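Below: the structure, in structure tokens.
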Amino acid sequence: NNGIKKPKGYTVSYHANPEMEQMHFGQKHPMKPWRLTLTNKIVMAYGMHEAMDIYIPRAASSQELKDFHRGDYIDFLQRVTPSDNTWDPDSQTYAYNTGDDCPIFDGLYNYCSLYAGASLDAARKLTNHQSNIAINWSGGLHHAKKNEASGFCYINDIVLAILQLLLHHPRVLYIDIDVHHGDGVEQAFWSTDRVMTLSFHKYNRAEFFPGTGALDDTGPLNNASPGAHHSLNVPLHDGIEDAQYIKLFEDVVKPCVRQYKPTAIVLQCGADSLGGDRLGCFNVNIKAHGACVAFVKKFNLPLLVLGGGGYTPRNVAKAWAYETSLCIGAEVHPNLPAHTPFLEHFGNEKTLFPKLDFTRYENKNSRVYLESVVMGIMEQLRYLQG
Ligand code: ZL4
Ligand code: CA
Ligand code: ZN
């Protein structure tokens, strides 16, 4: 390998089941499980597997999925096939919000139980003290609801993993840097103070999915509810750039950790917040995206690192491979190793850090706007002291 060694004083575990990488959502669907193969190939080509404990987790059982999801929804996912007619003429919808965004494809249940199994395995390695940083790039599917699919997500592996962490931890901080709002996780823990959710996302109620996550959506309005002020949202406009994004992330995350004092952190690293993403609209480069991971790592708390969105597979794979290297604290050469499988797939860009901030989206985030967002978050955090 490239001299990559196990980190000193802590353990990183990597949870990946290659069985799910072969799945297909259907022609032209933006979600490509194959991006996980590309990620793992880069991770291995650098020799990073030598520095981590590698696990091939079993699928989650239906009982485990029902710890969050409603039984009839899980039973539906388990038995439905692409040829079933799930159209309901009365409501003019497909069952459980399946359809174009969340199609029923061959192997769907296997896919869902595998990514959820990997997140549960990762969370258990953290609570067992067998790992300090546990990584599952196949997880992070933050839109799934208790009884329906949403936004390419069927099972909410994040909620399941946090429920596992809550068996041992009094307070869990959830941070979400996917370009979309982490609505499913926010909703699941809306009424509790044992989880603080914090999502950074593009926000436009009418035009950008899922349309929730305004700055003033911070938990139940009734101040007597324990969940009040424990859902935090950082709504952003198109085109945010590296320096702005890093500063904003640090200016928000640092006071959250100081005030809330989590005993574990879950970080959803959706890579659709990168520049050049097929669905995203930011101008963030891979180093800046990774700087968020590096910043969170510095708190030295048990850390669950998850994937999420990311629709330009070559960039997703580079970002998540780089972020794996940050977790193990290894310096990697910026050029992809010559023996990386599928190297031809990367065209001329054989570097981990292609330039992604070619302003396809003009930056609509002024300094004044971002300052007002930080102020809004600080205002919420002041309620936590008492
Ligand atoms: C597609 O080309 O904004 C799905 C989805 C399938 C193939 C063929 C069908 C063509 C873009 C998206 C018709 C597709 C119509 N195919 C999809 C309101 C919408 C209703 C559905 O990163 N149409 C819904 C969901 C978002 C909507 C984003 C992000 C997940 C995550 C975590 C989920 N849904 C409008 C869209 C295509 C498709 C092309 C698509 N869907 C883009 N944005 C959405 O946060 C993993
Ligand atoms: Ca987000
Ligand atoms: Zn997304």
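Computed from a predicted model, the values in this text were never measured in an experiment. One-based numbering, in listed order, for ligands and for the atoms of each.
- In the candidate list Asp100, Asp101, Leu141, Asp100 is nearest to atom 14 (C) of ligand 1, counting heavy atoms.
- Taking 3.0 Å as the threshold, Ser199 counts as a candidate ligand of the Ca ion (ligand 2), since one of its N, O or S atoms lies below it.
- Aromatic pair His49/Tyr14: ring centres not closer than 6.0 Å.
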Show me the donor-acceptor pairs, under 3.5 Å and distance only, between side chains in residues 100-114 and residues at least two apart or in other chains.
{"residue": "Asn110", "atom": "ND2", "partner": "Glu19", "partner atom": "OE2", "Å": "2.9"}
{"residue": "Ser113", "atom": "OG", "partner": "Tyr109", "partner atom": "O", "Å": "2.8"}
{"residue": "Ser113", "atom": "OG", "partner": "Asn110", "partner atom": "O", "Å": "3.3"}

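- Here His180 reaches the Zn ion (ligand 3): one of its N/O/S atoms is less than 2.8 Å from the metal.
- For His345 and Trp34, the gap between ring centers is short of 6.0 Å.
- A heavy-atom separation below 4.0 Å is found between Pro30 and ligand 1.
- The minimum distance between the Ca ion (ligand 2) and any N, O or S atom of His180 involves atom O.
- Of all N/O/S atoms in Asp176, OD1 sits nearest the Ca ion (ligand 2).
- Distance screen at 4.0 Å: atom 30 (C) of ligand 1 has a protein heavy-atom neighbour inside the cut-off.
- Taking atom 37 (C) of ligand 1 as the reference point, the nearest protein heavy-atom neighbour is Lys28 O, 3.5 Å.
- A salt bridge between Asp75 and Lys66 is present, with a side-chain N of the basic residue lying under 4.0 Å from a carboxylate O of the acidic one.
- With salt bridges taken as basic N to acidic carboxylate O contacts below 4.0 Å, one links Arg124 and Glu64.
- Per-residue contacts place Tyr311 under 4.0 angstrom from the following atoms of ligand 1 (heavy atoms of the residue considered): 22 (O), 29 (C), 30 (C), 31 (C), 32 (C), 46 (C).
- With respect to the Zn ion (ligand 3), Asp272 has OD2 as its nearest N, O or S atom.
- Coordination check, Phe200 versus the Ca ion (ligand 2): passed, since an N/O/S atom of the residue sits under 3.0 Å.
- Looking only at atom types and distance, the side chain of Asn285 has no donor-acceptor partner in the side chain of Glu241 under 3.5 Å away.
- Ranking the protein heavy atoms by distance from atom 28 (C) of ligand 1 puts Phe209 CD2, 3.6 Å first.
- Near Gly309, the atoms of ligand 1 lying under 4.0 angstrom from a non-hydrogen atom of the residue are 22 (O), 32 (C), 46 (C).
- Here the N, O or S atom of Asp178 that is nearest to the Ca ion (ligand 2) is O.
- Here the shortest heavy-atom pairing between Gly280 and Arg360 reads O-NH2, 4.2 Å.
- Contact annotation: His142 places no N, O or S atom under 3.0 Å from the Ca ion (ligand 2).
- Side chain to side chain, Lys145 and Tyr96 fail the donor-acceptor criterion of an N or O pair below 3.5 Å.
- Under a 4.0 Å criterion applied to the non-hydrogen atoms of Met31, ligand 1 contributes the atoms 46 (C).
- Among all non-hydrogen protein atoms, the one lying nearest atom 43 (N) of ligand 1 is Leu279 CD1, 4.0 Å.
- In the model, Thr86 has no side-chain atom that pairs as donor or acceptor with a side-chain atom of Asp84 under 3.5 Å.
- In this structure, a donor-acceptor pair under 3.5 Å is present between the side chains of Glu21 and Thr37.
- When you scan the N, O or S atoms of Asp178 for the one nearest the Zn ion (ligand 3), you land on OD1.
- Taking every heavy atom of Gln27 and a limit of under 4.0 angstrom, the matching atoms of ligand 1 come to 7 (C).
- Aromatic ring centres of Phe353 and Tyr322 lie closer together than 6.0 Å.
- Ligand 1 places these atoms under 4.0 Å from at least one heavy atom of His142: 31 (C), 32 (C), 45 (O).
- When ring centroids are compared, His230 and Tyr260 come within the 6.0 Å threshold.
- For ligand 1, the atoms sitting less than 4.0 Å from at least one non-hydrogen atom of Asp272 are 22 (O), numbered in the order shown with element in parentheses.
- When ring centroids are compared, Tyr311 and Phe152 come within the 6.0 Å threshold.
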